[in-house]
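What follows is a set of notes on a single structure, which appears directly below.
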2 protein chains.
Amino acid sequence: MLSRPEVPVAARPAGHQSLLAAASAQFAERGFHAVSIREIAAAAGVSLSALYHYYPGKHALLAALLHEGMDDYQARCDEAVAEAGHDPARRLAAVVGATVRYRAERSEASLLLMNEARALEPAERERYRTRQREASNRFREPIDAGVAAGIFTTPYPDDVRRTIIAASNAVAQWYRPDGPDSLDDLVERQVFLAYRMLGYEPRNPNARGAHTATAAGRSRRRSP
Amino acid sequence: MLSRPEVPVAARPAGHQSLLAAASAQFAERGFHAVSIREIAAAAGVSLSALYHYYPGKHALLAALLHEGMDDYQARCDEAVAEAGHDPARRLAAVVGATVRYRAERSEASLLLMNEARALEPAERERYRTRQREASNRFREPIDAGVAAGIFTTPYPDDVRRTIIAASNAVAQWYRPDGPDSLDDLVERQVFLAYRMLGYEPRNPNARGAHTATAAGRSRRRSP
DNA sequence: GCCTACTCATCGAACGCTCGTTAAGCTACT
DNA sequence: AGTAGCTTAACGAGCGTTCGATGAGTAGGC
């Protein structure tokens with residue numbers, strides 16, 4: 001269906017893999033320009049020039065990390081939205097759930113996606129910004145649909161959308177998987193607050209998680 | 001009252017002033033490590049060494065910008081909270097209003113405060129992180145007070161607090177003073193959404209801006 | 001009233017180091 | 001034989017920082 005194949009990754013040499021892991025960790029923590037390729041290579045346990053075997057330069061390595069992270073996030077959103085059906089409230093809950101989960105489970109990649117795009121070279125940055133806009137539109141669509149259908153009664157849908165996005169993204173900065181918070185509960189609370197801001201009244205508000213995600217969405221694995 | 005004097009700044013030489021302005025602009029747009037001190041000096045119209053007349057190095061320049069921005073933000077918060085009295089709802093509205101206004105009016109400084117702290121050297125970074133925690137506690141205090149008093153009925157005060165902070169901070173990234181949005185209206189909507197999430201019912205919800213800020217807070221100038 | 005001493009604000013030139021990048025070569029497998 | 005997956009060694013550019021000098025302003029002693 002999509003242009004991206006389903007299985008073919010895996011066969012990445014260990015050096016390549018550890019290079020990506022080291023670069024992702026360092027870029028996310030300290031920022032693209034603060035990290036030298038010598039530090040990345042050392043952390044990955046390979047030589048400086050291994051990087052140039054896989055990428056034409058430092059910027060291309062960053063671009064690869066960003067696009068790969070974005071691919072992953074988009075795939076998760078696609079899956080969640082597909083399960084959600086056509087009800088705007090459920091569609092929005094699916095996007096919020098997928099986003100919060102990605103920010104929490106892949107916080108390193110999330111920090112990269114959110115903070116390091118400005119280090120890309122202009123052409124690549126423009127391509128990436130387009131993908132970011134698409135991601136932001138995933139929230140806009142169900143909100144506008146719900147407002148048009150009259151089930152979301154907020155007078156300020158744009159402000160609500162921006163607030164929901166900001167809150168979901170912020171998860172990458174504070175959530176710790178070893179903390180007291182269960183991720184499922186966090187998603188549920190985020191959706192609850194989103195509904196509150198939208199002025200949405202779920203039909204059976206007492207059913208735990210009725211509008212957050214399906215069981216399949218909660219304990220997710222990429223391959224069955 | 002405070003240890004900071006009221007008038008003595010002003011007498012900063014033109015070179016110093018333009019150095020700070022250039023550094024702030026460049027650091028905010030491209031990040032600390034992406035900008036060389038030669039670029040800053042060139043943009044400021046002074047020589048490289050002028051920087052070393054005022055600061056012991058590049059990192060100290062960043063630290064000065066961050067602390068000065070934080071001083072400014074804290075002073076605005078102090079003023080707004082002092083005007084708000086003791087009602088938790090009004091106190092929270094004052095903090096949200098001061099924050100949103102600062103993020104909108106001083107978006108360059110805000111981006112610096114939010115994104116560039118990680119470039120500080122460890123000791124200075126720790127000092128700065130403490131100030132950030134203090135700023136975050138300005139939201140916690142009125143929320144907890146309102147919950148304790150029973151006027152905020154949300155079951156999730158921590159999530160609401162994080163969402164309010166994230167939404168207020170995000171203003172620095174999207175608000176444009178030449179856009180269609182009036183800043184006063186934006187503040188009002190942000191406070192409205194905060195109240196919604198908190199489950200707070202203002203006594204006269206139709207009074208425009210009744211709970212956002214006083215007229216003095218809306219059209220503010222530092223000196224009378 | 002003027003010389004002296006000193007500080008402030010700024011400059012140009014250089015230093016040593018680290019950066020991203022390149023070139024050339026070496027295994028080990030297919 | 002050829003390619004995939006690296007290696008060591010070097011290059012030039014640009015980095016943050018340092019040094020010493022210069023001119024303008026200014027306060028104090030005579």
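Each chain gets a letter, A, B and so on, in the order the sequences are listed, and its residues count up from 1. Scope of the values below: all heavy atoms of this structure, side chains included, with no hydrogens, waters or symmetry mates.
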- Task: Report the C-alpha distance between B/His67 and B/Arg131 in whole Å, list the side-chain angles of each, state the deciding distance to 0.1 Å, and finish with yes or no for side-chain hydrogen bond (donor to acceptor under 3.5 Å, both in side chains).
- Result: CA-CA 9 Å; B/His67 282 295; B/Arg131 298 193 71 178; 3.1 Å; yes
Spacing of [atom1] belonging to [X] relative to [atom2] belonging to [Y], to within rounding of 0.5 Å:
X	Y	atom1	atom2	answer
A/Cys77	A/Phe139	SG	CZ	7.0 Å
B/Arg101	B/Gln190	CZ	CD	11.5 Å
B/Arg133	B/Arg140	CZ	CZ	11.0 Å

- Pull out every residue in residues 19-40 of chain A that has a heavy atom closer than 4.0 Å to any atom of DNA chain D, ordered by number, or say none. A/Arg38
- Query: Near DNA chain D, which residues from residues 42-60 of chain A have a heavy atom under 4.0 Å away?
  - Reply: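 By residue number: A/Val46, A/Ser47, A/Ser49, A/Ala50, A/His53, A/Tyr54.
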- Query: Does A/Tyr156 have A/Arg162 sitting over its ring (NZ/CZ under 6.0 Å from centre, angle to axis within 45°)?
  - Reply: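 No, A/Arg162 and A/Tyr156 do not form such a contact.
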- Message: Just checking A/His33 against B/Phe32, ring centres under 6.0 Å apart?
- Response: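 Centroid distance A/His33-B/Phe32: not below 6.0 Å, so no.
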- Ion pair present between A/Arg127 and A/Glu124, side-chain N to carboxylate O less than 4.0 angstrom?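 So A/Arg127 pairs with A/Glu124 through a salt bridge.
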- Query: Is the shortest side-chain N to carboxylate O distance from A/Arg12 to A/Glu68 below 4.0 Å?
  - Reply: yes
- Using whole Å, report how far CG of B/Leu61 lies from P of D/dG16. 11 Å
